[in-house]
Amino acid sequence: MKKIASEIKNHVLTGISYMIPLVIAGAVIMAISRVGGSFYGIVDIWDGSHGESGNAIIRLLHSLDGFGGTALGLMFPVISAFIAYSISDKLGIAPGLVGGMLVKDINAGFLGAIVSGLIAGYACLLIKNKIKLPKSMASVVPVFLVPVLGTLITVLLVNYVIGTPFAALNVGLESWLNGLSGGNAIVMAAVVGAMVGFDLGGPVNKAAVTTAMALLTSNVYAPNTAAQVAIIIPPIGLGLATIFAKNKYNNELKEAGKSAVIMGLVGISEGAIPFAVENPLKVIPINMIGSALGSAMAVGLGAVNTAPISGFYGWFTVEKWPIYVLSIATGALFIAILTSVLRSKDAGQEVESAVEEFDEAAWEEQWEA
């Protein structure tokens, strides 16, 4: 059992190593766009109307935000594909990519992308090992049977096993959150914060954020305040952790940490995903507590964010903005400090070792070809 768990972990770490460059590229490009937009007083540079602006620079900034979003949109397909690649070599790439795209479409989050990659990889490996054809037809297996059957198995399991429960969870959580909004505001804020910090852009996160935004039309601002605070706490906190405990992270995660801080400042919670995927049992609970703490503090002390904006460019429009910023800092520092204390010194080396082993194998394969 330990051997299997270790193998799965190595496969996941390989997927992470290929996902990180996309996170960094997308974060930096979107940051350039959104910071540039703030100089023109624009807080929603991603809105389609700015693509028709008479100002060429604003149009360019709008396009840049879309380009960054395209890079981030590839995270789930890439991590799924390269987990599958790690398991079954090139055979797993096509099913992994398709499974990852489906995960993105059904909002199954990064945990869904991991499961998709594992399904695709092991399905392809099973087909390769179990289906034996005459030597004259052996080429049919990798060229036809594996991609077709592997993709079919992956999308069916992802759609009907992973997708359905998450969809039901979304509906239930939205109803629950609407009920909480009329009760204790601090408890509600903590619940919203924990939900947003749980899966970082996944279905639970989206259920909380979408419902909080919908309540703005009814002039109910506390859920939105809680959600917008919680969105940015995990990436900033985990980015700071790579600075506080830099000897505990490899170079790739240090770079991801820089990107995470940038993503947090512009309101993109996905910057924390590489860290959550690498060590979910520790990072996810810490994210939830830190986000809940910051959200409850902001709402409890009277900060009010009336706009669906989480990035730094909207902080100073918040009622009682010093409390709002202090709440963000408190939640982020909680995550940074606790993560730094609980992370073992050799944890980062496991990712680095997995990447080094993969790179060596890839080089040998290319050389032989």
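Note: hydrogens, waters and symmetry copies are ignored here, and every other heavy atom, side chains too, is used. Just so you know, these numbers come straight off a predicted model, no measurement behind them.
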For a 4.5 angstrom cut-off between non-hydrogen side-chain atoms, does [X] reach [Y]?
X: S33; Y: I45; answer: yes
X: I8; Y: Y122; answer: yes
X: I58; Y: Y40; answer: yes
X: T154; Y: V98; answer: no
X: I268; Y: M30; answer: yes
X: T14; Y: Y85; answer: no
X: I79; Y: V277; answer: yes
X: I273; Y: F76; answer: yes

Cluster overlap [X] with [Y], hydrophobic side-chain contacts below 4.5 Å:
X: I236; Y: M297; result: no
X: I114; Y: L125; result: yes
X: I309; Y: V299; result: no
X: L91; Y: L118; result: yes
X: I232; Y: F312; result: yes

For [X] and [Y], which heavy atoms make the closest approach, and how far apart are they?
X: S310; Y: G267; answer: OG-CA, 3.1 Å
X: L97; Y: P77; answer: CD2-O, 3.7 Å
X: A84; Y: A120; answer: CB-CB, 3.9 Å
X: T339; Y: I335; answer: OG1-O, 2.6 Å
X: G271; Y: A260; answer: O-CB, 3.5 Å
X: I153; Y: A123; answer: CG2-CB, 4.0 Å

Taking it one step at a time, do V196 and V209 satisfy side chain to side chain contact (heavy atoms under 4.5 Å, CB included)? CA-CA 7 Å; V196 172; V209 174; 3.9 Å; yes
Step-by-step side chain to side chain contact (heavy atoms under 4.5 Å, CB included) determination, V192 to S295: CA-CA 8 Å; V192 171; S295 296; 5.8 Å; no
Under the side chain to side chain contact (heavy atoms under 4.5 Å, CB included) criterion, do F198 and N287 qualify, and how do the steps go? CA-CA 7 Å; F198 172 66; N287 281 348; over 6 Å; no
Has [X] got a side-chain atom pairing as donor or acceptor with [Y]'s backbone, closer than 3.5 angstrom?
X: K248; Y: S344; answer: no
X: W46; Y: S63; answer: no
X: S80; Y: G96; answer: yes
X: D199; Y: V204; answer: yes
X: R59; Y: S53; answer: yes
X: S116; Y: G112; answer: no
X: T242; Y: G257; answer: no

Got a second to check how far [X]'s [atom1] is from [Y]'s [atom2], nearest 0.5 Å?
X: T151; Y: I93; atom1: OG1; atom2: CD1; value: 11.5 Å
X: L301; Y: I323; atom1: CG; atom2: CD1; value: 5.0 Å
X: I328; Y: I231; atom1: CD1; atom2: CD1; value: 10.5 Å
X: F244; Y: L240; atom1: CZ; atom2: CG; value: 5.0 Å
X: I127; Y: K130; atom1: CD1; atom2: NZ; value: 12.5 Å
X: L253; Y: E255; atom1: CG; atom2: CD; value: 10.5 Å

Any idea how Y18 and F82 line up, ring-wise: parallel (<30°), tilted (30 to 60°), or perpendicular (>60°)?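 If you compare the ring of Y18 with that of F82, the planes turn out parallel.
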Pair [X]-[Y], side-chain donor/acceptor within less than 3.5 Å:
X: N305; Y: Y221; result: no
X: N224; Y: Q228; result: yes
X: H62; Y: D47; result: no

Quick test of your reading of the model: are K9 and E278 salt-bridged, counting only N-O distances below 4.0 Å?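 No.
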Is it true that, when you exclude K254 itself, more than 12 heavy atoms of the residues, nucleotides or ligands shown sit nearer than 6.0 Å to its NZ?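 Counting other residues, nucleotides and ligands, NZ of K254 exceeds 12 neighbours.
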Applying side chain to side chain contact (heavy atoms under 4.5 Å, CB included), run through R343 and K282 and close with a yes or a no. CA-CA 8 Å; R343 185 177 177 85; K282 285 184 181 178; 5.9 Å; no
Among S86, S6, S88, find the one that has a side chain to side chain donor-acceptor pair (under 3.5 Å) with H11.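 Only match with H11 under side chain to side chain donor-acceptor pair (under 3.5 Å): S86.
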